Each structure stands twice: as C-alpha cells, then as structure tokens.
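What follows is a single structure, written as structure tokens, with notes after it.
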Protein chains: 2
Amino acid sequence: MSTFRRRVIPDATIARLPIYQRCLMELEEDGRKKASSEQLAELAGVNGAKVRKDLSYFGTYGTRGVGYDVPHLLHEIRRELGMTHDWPCVIIGAGNLGSALAKFGGFVDRGFSVVAIMDVDQSKVGHQVGSLTVRHEDELPEVVKEFDISIGIITTTAAAAQDVADQLVEAGVRSILNFAPATLDVPYGVLVRDVDVAIELQILAFHEERRALSEAEIV
Amino acid sequence: MSTFRRRVIPDATIARLPIYQRCLMELEEDGRKKASSEQLAELAGVNGAKVRKDLSYFGTYGTRGVGYDVPHLLHEIRRELGMTHDWPCVIIGAGNLGSALAKFGGFVDRGFSVVAIMDVDQSKVGHQVGSLTVRHEDELPEVVKEFDISIGIITTTAAAAQDVADQLVEAGVRSILNFAPATLDVPYGVLVRDVDVAIELQILAFHEERRALSEAEIV
DNA sequence: GCAACTTTGTGAACAAGTGAACAAGCTCGG
DNA sequence: CCGAGCTTGTTCACTTGTTCACAAAGTTGC
Ligand SMILES: NC(=O)c1ccc[n+]([C@@H]2O[C@H](COP(=O)([O-])OP(=O)(O)OC[C@H]3O[C@@H](n4cnc5c(N)ncnc54)[C@H](O)[C@@H]3O)[C@@H](O)[C@H]2O)c1
Ligand SMILES: NC(=O)c1ccc[n+]([C@@H]2O[C@H](COP(=O)([O-])OP(=O)(O)OC[C@H]3O[C@@H](n4cnc5c(N)ncnc54)[C@H](O)[C@@H]3O)[C@@H](O)[C@H]2O)c1
C-alpha cells in the first residue's frame, strides 16, 4: 500500500469541472487555441479567481501572460474526470422519464452510454425504447456483469426506489443517480446523487414568494 | 417602506426544506402526529442538529421533550416555501424531455402545474402532449400574461436556450429552471437554476475513477 | 410535587468555500 | 537584452455551512 496521498479536490470544484469541460468544448469547436481564466469564467458564469483556483488543484496547465491551452486543458480535465473511457449505465424504470433519458443521445459525447433499460412491468418488458429492448428487472445481476456497469439510474416510482437501490448495490453498482423523490439508504462506499426537479421548482417558488412579499411591503 | 428586516434563511437550509416537507408528508400519510428532529433527520438523510437549526430559522415550532407536531410543522414549511398557492409553469421545448415533464403528474401535489408547452417547430405546434396542446413559441408573452406565469422551464436544445431565456425575461418571468447544458446570462433579479444530468453523471464518474485508482494502488 | 428522562434551541468551535489582491513568471516589441 | 504589459498561481481574510455540546423546557411516573 502506497503512502502517497492523492491531492484532495474540494467537492465544489469537482462540480464545476464538467462546466469547464463544456465551455472548453465550445471554445475548441470555435477553433480557439487559448483562453484566459477570465474568458473561461465568463463562459462558465463564475469569476476568474475561482477558475484559476479550481484548475490549480490538479496541476499547472496555464502559462502566465498567455492563459490556458484549450486542447491541453480539455484533455487534462477529461482525464481528471475519468472521461478517457466510456461509462456504461443502466436505467431502471422504463416509464416516462426513463424512456426519455434512454432515447436521449446527448450523453454519448460526455462519455456515457445507456446500455440497458429495465422494468418490472411485464407489459413493458420486450418493448423497444430507442435502440434498446426493455429487459426484466430480475436480470439486473447478469446485465451488470455483462456490460460491466458501474452507474445505475433510478427512474422508478418513489415507492420502489429503495428496493431498486438495494438490488443495484447487491449487483455491485456503487454509483447511483436517483430521480425518484426518496431518500435512499445505501452502504458506506456507495455514492448516490439525487436529481429532484420538484425541489428545484420549490426553491424557485421560495424566492418568488419572498420577492412578492418584499414588493408588497415597499408599496 | 418598512424597516423590518426579514430573517435571512441560508441557501443550504432552503434547499433542505422541500426534503423535510416530503418526509413530513410521508409521516402524515402514516398517521404520525409527532416527530423528533432525529426521526426527521433519519428520513431526510441528514443529522438531527441540522434539522433543528434549519427549523429554528423560521420560528419555534417544536416542543421540548416531545418533538415537532407533524401537521403544524408541515403547514409552516409549506407557508415558508410559498406552497399555500399554486404555481403555474410554462415549458419551452416540446421535445423528448419537455413532453415527459409536461405529462408527469407528480408536480401537482407539490404545488406546481404545467399550464402551457411551447415550441418553434411548426410540426409540433398544435399536437397534443398529455392534456396540453403545443403552442407556438411566439405566443409566449400572451401565454405568460394569460396564466400569470412566474416560472419558465427550458427544455430546448442548448443552442436555443439563451434566446428562450431572453424571451422569458422579456415576457416578465423571473424564475427559470434550465435543463439545457448552457450557462444562461440573465439580468439582475432573475433567478436561474440548472438541472444538468450529464454533470451529475460526471461527478459520479469522477468518484468511480478515483475509487478505481485507489484500488489499483493498494493491490 | 418532584425526580428521571427526553428533546429542543442555540452558542461556539470547526470546516468548507469564496474572492480580492498581488508577487511571480511569461511574452513581445523594440 | 530589457521593460511594459498580461495572466497565472497562491495567500489571506472573509463568508457560509456543519457539528458538537449543553442549558432550558417540556413530559411522565410515582
Ligand atoms: N416524468 C417526469 O418528468 C419526472 C420528473 C421528475 C421526477 N420524476 C420522477 O421519476 C420517477 C419516474 O417518473 P415517470 O414519470 O417515468 O413514472 P412512470 O410511472 O411513467 O414510470 C415508472 C416506471 O417504473 C417502473 N417500476 C416500478 N417499480 C419498479 C421496480 N421495482 N423495478 C423496476 N421498475 C419499476 C414502472 O413499471 C414504470 O414503468 C418518479 O419517481 C418521478 O417522481 C419524473
Ligand atoms: N431528453 C433527455 O433525457 C435529457 C436529459 C438531460 C438533458 N437534456 C437536455 O434537455 C434539452 C432537451 O432535450 P430533448 O431530448 O427534449 O431534445 P429534443 O431535441 O427532443 O427537444 C428540443 C425541442 O426544443 C425545440 N426548440 C428548439 N429551439 C427552440 C426555440 N428557440 N424555442 C422553442 N423551442 C425550441 C425543438 O423544436 C425541440 O422540439 C436539451 O438541451 C438536452 O441537452 C435532455
């Protein structure tokens, strides 16, 4: 076992790396070879100091007086994010949302491919969703092994989500993206990220409400 | 103008209120009348101290030695979040994702209703999506006025997102939920929240990659 | 009425994240 | 080769968020 301690990258930074990646991809498409921290910051909607600090965590890729080399920085961010290879994903729940995600082609250029979609509902099993055929939930262990899946996407009803999470963990999946409005309980070492659209709407509503109250107050 | 200063509620707390609301709804459905901060914390996946501190920002609703009164606390959180009335929303972009969201019935019990869905594509205008008919993007100002819409949901391609955001702002919408992978530039006072599934996947991939590297190191 | 027990509300320590500021380092024109 | 002009990398003070720990306030049983 090595005593080398990998540099700790703050969570906040990790969450911004994909944004920088996207901006750099746009710059590269435009044929831009160089970009300063301020230009990158403008595109990413943050400030320059943050960009410089974020990038400094994983080495020195910029040139003072010039800026960053777009293709080089893009490559380094991709490497850091593990985008040098493809990540096979499985979607559990072939409903409205699960089908939309499965049909969506936009993940491929970010390094993700949905290789299987599954459901318990016998009336959905066997049906086509985009280029995939819905398989039965029971086959999860085999599917995970077959495609060496490391990411599971839960798009079932909230009631079924914990159950599905347990099955994913049992099958060896340690990264879960959960769209169901439920708090998942998983063992240590398994990472869950929640995407809850209703929560986002409620945060917007909270601020709208406050705005309305303040305006009423002033008038 | 009043000199009364509304208590400042931290952003982190606001983001957790909807989770508490959901947990309280579940408790209420189970007929539970009381809940302690620890029980609520367990359900919400946080710790008890956080729950107590969060709730303390907007007044004292608990009883020492007993806990919180479920229906009462639920009511107060709903009031704080502006869930006492309904929020009409418009979806721009009647594609894969926009249609899935429009058809989804789950927002209603959280106080949101999608009252219109719009697109520029003439081949989509007039078509039915769930109970709604797709209207042409150009009618946005009238639609916003007609339904008194305060929340706009962008589900167009990334290339069109900034343009749509400008139109929403122009029409008077000040809260935007953006699903397109693009950084939107909006005037001061307009609130944008981004939902980017690809970023979530990339964060999961980052940790998977690190995990793989650490394991390789140990062996 | 009182002692034992439970749970809240909050001050204070700690941890994480942000942003201004600036020295250090690079480029380029002359 | 030098000095003017940029831009990075990093330090430092500040803000925001989390957690601990415990007094205060309530309940319950006797
Ligand atoms: N549709 C949306 O726009 C939207 C938006 C935000 C959140 N969500 C959330 O995403 C989830 C899915 O939404 P939806 O609209 O697709 O619902 P849906 O009812 O259309 O689909 C749910 C699917 O999950 C399947 N399922 C149920 N239990 C299962 C199990 N144990 N194993 C495998 N599959 C199972 C069902 O058979 C069904 O096909 C819900 O939790 C919802 O709250 C949806
Ligand atoms: N589908 C998914 O599962 C998914 C997941 C994550 C993110 N997204 C993002 O959500 C967005 C939509 O995805 P999608 O799969 O629904 O794409 P889509 O191509 O199916 O739909 C986009 C729709 O937007 C419409 N549109 C384009 N420009 C417009 C304009 N100026 N005004 C009004 N409408 C306009 C198009 O006509 C089309 O109907 C994309 O930005 C995508 O990256 C989608």
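In what follows, chains are A, B, ... by sequence order, proteins preceding strands, each numbered from 1. Quick caveat: nothing in here was measured; it's all calculated off a predicted structure.
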Practice item. Please work out whether the ring planes of Phe107(A) and Phe104(A) are parallel, tilted or perpendicular, with thresholds of 30° and 60°. Key: perpendicular
Point to revise | Any side-chain donor near an acceptor of the partner, Thr84(B) and Arg79(B), under 3.5 Å | key: no
Extract all donor-acceptor atom pairs below 3.5 Å that involve side chains of residues 14-27 of chain B and protein atoms in other chains or at least two apart in sequence.
{"unit_1": "Arg16(B)", "atom_1": "NE", "unit_2": "Asp54(B)", "atom_2": "OD2", "d": "2.6"}
{"unit_1": "Arg16(B)", "atom_1": "NH2", "unit_2": "Asp54(B)", "atom_2": "OD1", "d": "3.0"}
{"unit_1": "Arg16(B)", "atom_1": "NH2", "unit_2": "Asp54(B)", "atom_2": "OD2", "d": "3.3"}
{"unit_1": "Tyr20(B)", "atom_1": "OH", "unit_2": "Asp54(B)", "atom_2": "OD2", "d": "2.6"}
{"unit_1": "Gln21(B)", "atom_1": "OE1", "unit_2": "Gln202(A)", "atom_2": "NE2", "d": "2.5"}
{"unit_1": "Arg22(B)", "atom_1": "NE", "unit_2": "Pro181(A)", "atom_2": "O", "d": "3.4"}
{"unit_1": "Arg22(B)", "atom_1": "NH2", "unit_2": "Thr183(A)", "atom_2": "OG1", "d": "2.8"}

Practice item. Mind calculating the distance between CD (Glu76(B)) and C1' (dT8(C)) to the nearest angstrom? Key: 17 Å
Review point. Hey, is the side chain of Ser37(A) poking within less than 4.0 Å of OP1 or OP2 on dT8(D), counting only N and O atoms?
Key: yes
Exercise for review: May I have all residue pairs that pass salt bridge (Lys or Arg N to Asp or Glu O under 4.0 Å) and include part of residues 152-162 of chain B, sequence neighbours excluded?
Suggested key: none
Exercise for review: Report the distance from atom CZ of Arg64(A) to atom C1' of dG25(C), rounded to the nearest whole Å.
Suggested key: 5 Å
Check your understanding: Do NZ/NE/NH1/NH2 and the carboxylate oxygens of Lys34(B) and Asp69(B) come within less than 4.0 Å?
Key -> yes
Review point. dC26(C) phosphate, OP1 or OP2: any side-chain N/O from Tyr68(A) under 4.0 angstrom?
Key: no
Exercise for review: Specify the separation, in whole Å, of atom CG of Leu55(B) and atom P of dT10(C).
Suggested key: 12 Å
Practice item. Could you check how far NZ of Lys34(A) sits from C1' of dT27(C), rounded to whole Å? Key: 11 Å
Review point. What one-letter contact string describes nucleotides 11-20 of chain D from 5' to 3', where B marks a base within less than 4.0 Å of any protein heavy atom, S marks contact via sugar-phosphate atoms alone, and - marks no contact?
Key: BB----SSBB
Review point. OG1/Thr155(A) to CG/Asn96(A) distance, rounded to the nearest 0.5 angstrom?
Key: 10.0 Å
Check your understanding: Over how many whole Å does the gap from Lys33(A) atom NZ to dT27(C) atom P extend?
Key -> 18 Å
Review point. Leu73(B) CG to dT8(C) P: how many Å, rounded?
Key: 11 Å
